Amino acid sequence: MSSQQDVIYGLMSELEDALDKGFPLLGYHFTVVKKDTVTSILDKLYAALPDEIKEARALLRRKDELQYEAQQRAEKIVADAQAEANRLLSESDLLRAVQREAEKIKEQVITDCEDIKRKSVEDAELVRNQALDEALRTKDGASVFAEQILVSLEQNLNNLQEIVKTGQLQLERKRTESDGQIAGNYTNQRAEFAQDFRMN
């Protein structure tokens, strides 16, 4: 163990010497050293470190890797969860939009049905009123027609009655004239007959 410490201390001394041999800049605030020299000393220092320190350093490195992997996994989980939440929210918005549209369609269908029902009732009422008006007009027309027929029949009957009376009067007059002629002929015939049977 002491030998490792001696090696480490020796390498640290070499690093100090390299810094001392460097070129100072800006009042010793910066020092220019050879990169190869410093890199070689650092590699030797890492190689001279005890195995426990290397393992601890490896564990720390692995811990950092695990933390990075865990962070990446956590970020992915969060991103996936956010994407799923956005998807669900989008589906929820879409569902609500579909529901709103369905409600609008339902209300429109109900309104259309009510309009059709009201229009049907109005049309039926109009047809009924037209039928009643037509029936009344037909009834009035039938009454007027019947009255006209009756008036015409009455006039025809009156004419026929006048004709009958006229015929009766003419028959009576002819009968009277005929009877008068017969009576005159009979008188004349009696005188002639009397003349024939008169005694001389």
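If you're wondering where the values come from, they're calculated on a predicted model, not measured in any experiment. Residue numbers run from 1 in the order of the sequence given.
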> Only counting residues at least two apart or in another chain, list the ones meeting side chain to side chain donor-acceptor pair (under 3.5 Å) with Q168.
none
> Please answer whether the main-chain N or O of D36 pairs with a side-chain N or O of S40 as donor and acceptor at a distance below 3.5 Å.
no
> Cut-off 3.5 Å, no hydrogens considered: what does the side-chain donor-acceptor table look like for residues 157-165, sequence neighbours left out?
residue : atom : partner : partner atom : Å
N158    : ND2  : E154    : O            : 3.2
N159    : ND2  : Q155    : O            : 3.2

> Name all residues meeting the side chain to side chain donor-acceptor pair (under 3.5 Å) criterion together with K119; count only those two or more places apart in sequence or in a different chain, and write none if there are none.
D123
> My understanding is that a hydrophobic cluster links ILVMFWY residues whose side chain heavy atoms are under 4.5 Å apart, including indirect links. Using that, what else belongs to the cluster containing L169?
none
> Under the side-chain contact (heavy atoms from CB on, under 4.5 Å) test, which residues partner E16, sequence neighbours left out?
none
> With sequence neighbours excluded, tell me which residues meet side-chain contact (heavy atoms from CB on, under 4.5 Å) with R128.
E125, L132
> Which residues satisfy the side-chain contact (heavy atoms from CB on, under 4.5 Å) test with L11, sequence neighbours excluded?
V7, E14, I41, K44, L45, A48
> List for me each residue that meets side-chain contact (heavy atoms from CB on, under 4.5 Å) alongside E172, sequence neighbours excluded, and say none if there are none.
R175, T176
> Identify, with sequence neighbours excluded, every residue that meets side chain to side chain donor-acceptor pair (under 3.5 Å) alongside Q148.
none
> Listed by chain and number, what are the salt bridge (Lys or Arg N to Asp or Glu O under 4.0 Å) partners of E122, not counting sequence neighbours?
none
> Not counting sequence neighbours, list each pair that qualifies as a side-chain hydrogen bond (donor to acceptor under 3.5 Å, both in side chains) and has a residue in residues 68-79.
Y68-Q72, Q71-E75, K76-D80
> For residues 106-116, which side-chain donor-acceptor pairs fall under 3.5 Å, sequence neighbours excluded?
residue : atom : partner : partner atom : Å
Q108    : NE2  : D112    : OD1          : 3.0
T111    : OG1  : E107    : O            : 2.8
D115    : OD1  : R118    : NH2          : 2.5

